[in-house]
Peer 1: 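This is the structure, below, for whatever I ask next.
Only heavy atoms go into these numbers, but all of them, side chains included; no hydrogens, no water, no symmetry mates. Because the structure is predicted, anything quoted here is derived from the model rather than measured.
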Amino acid sequence: MATPSRTTDRPGARTPAASTPSGSPLLAGRTPTSLARTSMVLGSSSSPGSVRRSVLLPSLGAERQPIVLDIGTVYTKCGFANEPTPRHVLPSTVELADGSVVSVFDWSESRAPAVLRDVIARFLFNIFYKFLLVKAAERRVVVCESLLTPTVFRSTLADVLFNNFQVLSVLFAPLPVLSLLPLAVNTALVVDVGYEETSVIAVSEGIPLLNSLVTVPLGGKALHRRISELIMKHGRAWQGGDLRPVVSLTSSIPEDVLEDIKTRVCLVACKSDNRKAATVAYPHEGIRLELDHAVRVQAANVLFEDDDEDESIPVAVLKSLSKCPVDIRKQLISNVSVIGGSSMLPGFKQRLMEDLRDLLKTKRFPRLQLKENRVVAIEATLQQTGGDFGKLNFITDSDAIQKHILTALGCEDKQIVDFSLSEQDGHITARVGVLQDVDVAPLLGSEAGGQRRYVVNNVTKKTSDISAAMAFHDSMFPANTIGWLGGALFGALDFLGEKSVSRESYLKTPTLPDWNCQPNIAVADQPAPSTTTPARLRSRLSLAGQTPTSTSVA
């Protein structure tokens, strides 16, 4: 599988180094056969259609592929493991016996548990028997879940899968980790722009750092609300031959129409872009809405501008980054993965990167401006002054030159992040990157030993902060289905059953392992303020019979 490129603000996309999420507990104990089956999902062939046909038309003796579900607030993706795309993307709603249509997440503490169970049972029945057209019994199921999924929902979902549909096993896998599998990286900062909210969390070596979780109530719902406000306040519409204010023709705009307007005509512009978007016509209930620059471009500003609580998506990203250990911040900011349907607006990543750079120039996040987050790049030119003639010995001379440069700069070995030597036309250039500010004056004119002797005749120093390393992954896969694809990749592995909850063990002990049962990921020797538990997280903990507490973060 080709490694996806990453979007930067410079011409030419950078390509991240391919790595395998070996640190993830989900991927422990993988075999060569498992990895080979993973590559089959996007395997090479002479034509794109041949891979699709080989997946969708298996032989009669082929094993039953696991079912992969990504149940979102608005839409649900469903399909099978070992396939590159979901079979269906359907609304997360179901029709009850009384004819009412409710969302699968439309539950409250006052609602009887039997009602929630009935909703989930009807919803899964439609997925299995109306859309996927399979019998769920004796199949494994992979559920791509948010870390903020209420415990009562996932417990009821597991109970229905095991008792009503007799599935073989169920795996609840965190969506931020699964979304990194198609990117072939195991450490990244995942920004999930959903419908109700945007969540930001750091993943290090395949492990979600729960203390870095930050959520803001900004997403598709807030964007729809802003579009409706702008249309009703400033919009105009044609009715017959007359151009009238929209508010005089209709009292409200349905949610599905707002979503269609967002998908078809809205975009995100950088603050430095002063161009005006052209006005377009949108037919709606016998009238033609005139959607101008205010609706098409300015509506998306609600995601980037600080609200009454000084919250925005860029602020949430930097808050999450500042809670992470110092030694992985550069790796995280250089591997930002943006997922979620609302992030697919044109120009979203460019605007997010611009706002992040502007915030880093302010004093709002002093912890991201510490010297530990900066790299001092030093370039020294050396000239041979003695010793045996011939080319530079990159084994013996390199060690001696590196030791000499670090001694002259007053640096320790643990402070060095980069060192390289190059030779061209008899000139030797040493490049060093250190994590502390240094005085390069003692290095100029000093002599380095080895099999030969060299004198430093030119030194330059350049300091780069954390914003210089910022880069976003530009995936070839849609941002709204990349999490599901990660679940399909993991579902194709041989050891899926070992990581899942089997039906036998669940019927014996009807409990599910949860992330709050895992050992706490602490950051040592890092004083930090405490942060309160998010509202949805408090709800999940309380429903699980636990008491939410403040978490100390770095």
Side-chain angles (χ1 to χ4, degrees), residues 5-19 187 325-335 353 356-358 360-361 363 366-471:
S5 61
R6 291 186 290 177
T7 301
T8 66
D9 57 349
R10 310 186 293 274
R14 296 170 51 195
T15 303
S19 61
T187 299
V326 172
D327 56 344
I328 65 171
R329 287 177 185 171
K330 277 191 172 294
Q331 188 177 7
L332 291 173
I333 199 63
S334 62
N335 289 276
M353 178 178 289
L356 289 175
R357 293 188 186 278
D358 292 343
L360 286 173
K361 295 177 182 178
K363 297 182 179 180
R367 302 187 67 193
L368 296 179
Q369 297 172 342
L370 300 176
K371 61 181 181 181
E372 289 86 352
N373 296 309
R374 300 179 181 178
V375 172
V376 180
I378 301 166
E379 185 172 302
T381 303
L382 296 87
Q383 182 178 3
Q384 183 177 340
T385 58
D388 298 335
F389 293 96
K391 292 185 177 181
L392 172 70
N393 188 320
F394 281 95
I395 298 178
T396 58
D397 288 4
S398 175
D399 294 338
I401 292 173
Q402 176 179 341
K403 182 178 180 180
H404 170 77
I405 292 177
L406 292 180
T407 302
L409 295 175
C411 299
E412 301 178 2
D413 290 342
K414 64 181 181 180
Q415 289 290 328
I416 187 172
V417 294
D418 179 48
F419 180 82
S420 64
L421 285 179
S422 61
E423 182 181 16
Q424 184 177 6
D425 300 331
H427 297 283
I428 302 166
T429 302
R431 294 179 176 86
V432 186
V434 293
L435 293 176
Q436 65 184 52
D437 196 10
V438 293
D439 183 11
V440 298
L443 185 58
L444 187 62
S446 61
E447 289 190 348
Q451 288 190 352
R452 303 158 185 79
R453 298 196 63 82
Y454 304 92
V455 62
V456 181
N457 54 24
N458 187 26
V459 180
T460 59
K461 180 179 74 170
K462 181 180 179 181
T463 302
S464 61
D465 57 17
I466 197 171
S467 63
M470 188 183 303

Peer 1: For S422, which residues count as a side chain to side chain contact (heavy atoms under 4.5 Å, CB included) partner, sequence neighbours excluded?
Peer 2: T429, R431
Peer 1: Can you name the nearest heavy-atom pair linking A408 to P442, along with the distance?
Peer 2: O-CB, 3.7 Å
Peer 1: With side-chain contact (heavy atoms from CB on, under 4.5 Å) as the criterion, how do L421 and I401 come out once you've worked through the C-alpha distance, each side chain's angles and the decisive distance to 0.1 Å?
Peer 2: CA-CA 9 Å; L421 285 179; I401 292 173; 4.1 Å; yes
Peer 1: What is the distance from atom CG of D439 to atom CG of L409, rounded to the nearest 0.5 Å?
Peer 2: 8.5 Å
Peer 1: When rounded to the nearest 0.5 angstrom, what is the spacing between CD in E447 and CG in L382?
Peer 2: 10.5 Å
Peer 1: Suppose we screen for side chain to side chain contact (heavy atoms under 4.5 Å, CB included). Which residues come up paired with N457, at least two apart in sequence or across chains?
Peer 2: T381, Q383
Peer 1: Restricting to side chain to side chain contact (heavy atoms under 4.5 Å, CB included), what partner residues turn up for S446, sequence neighbours left out?
Peer 2: H404, L443, V456
Peer 1: If you measure from CD1 on I333 to CG on L360, what distance do you get to the nearest 0.5 Å?
Peer 2: 7.0 Å
Peer 1: Hey, mind stepping through T187 and N335 against side-chain contact (heavy atoms from CB on, under 4.5 Å) and telling me if it holds?
Peer 2: CA-CA 7 Å; T187 299; N335 289 276; 6.0 Å; no
Peer 1: Working to the nearest 0.5 angstrom, can you tell me the gap between M353 CE and D358 CG?
Peer 2: 12.0 Å
Peer 1: Could you give me the CA-CA distance, side-chain angles and deciding distance for I405 and F419, then say whether side-chain contact (heavy atoms from CB on, under 4.5 Å) is met?
Peer 2: CA-CA 10 Å; I405 292 177; F419 180 82; 4.3 Å; yes
Peer 1: Please step through side-chain contact (heavy atoms from CB on, under 4.5 Å) for the pair E379 and V459, ending with a clear verdict.
Peer 2: CA-CA 6 Å; E379 185 172 302; V459 180; over 6 Å; no
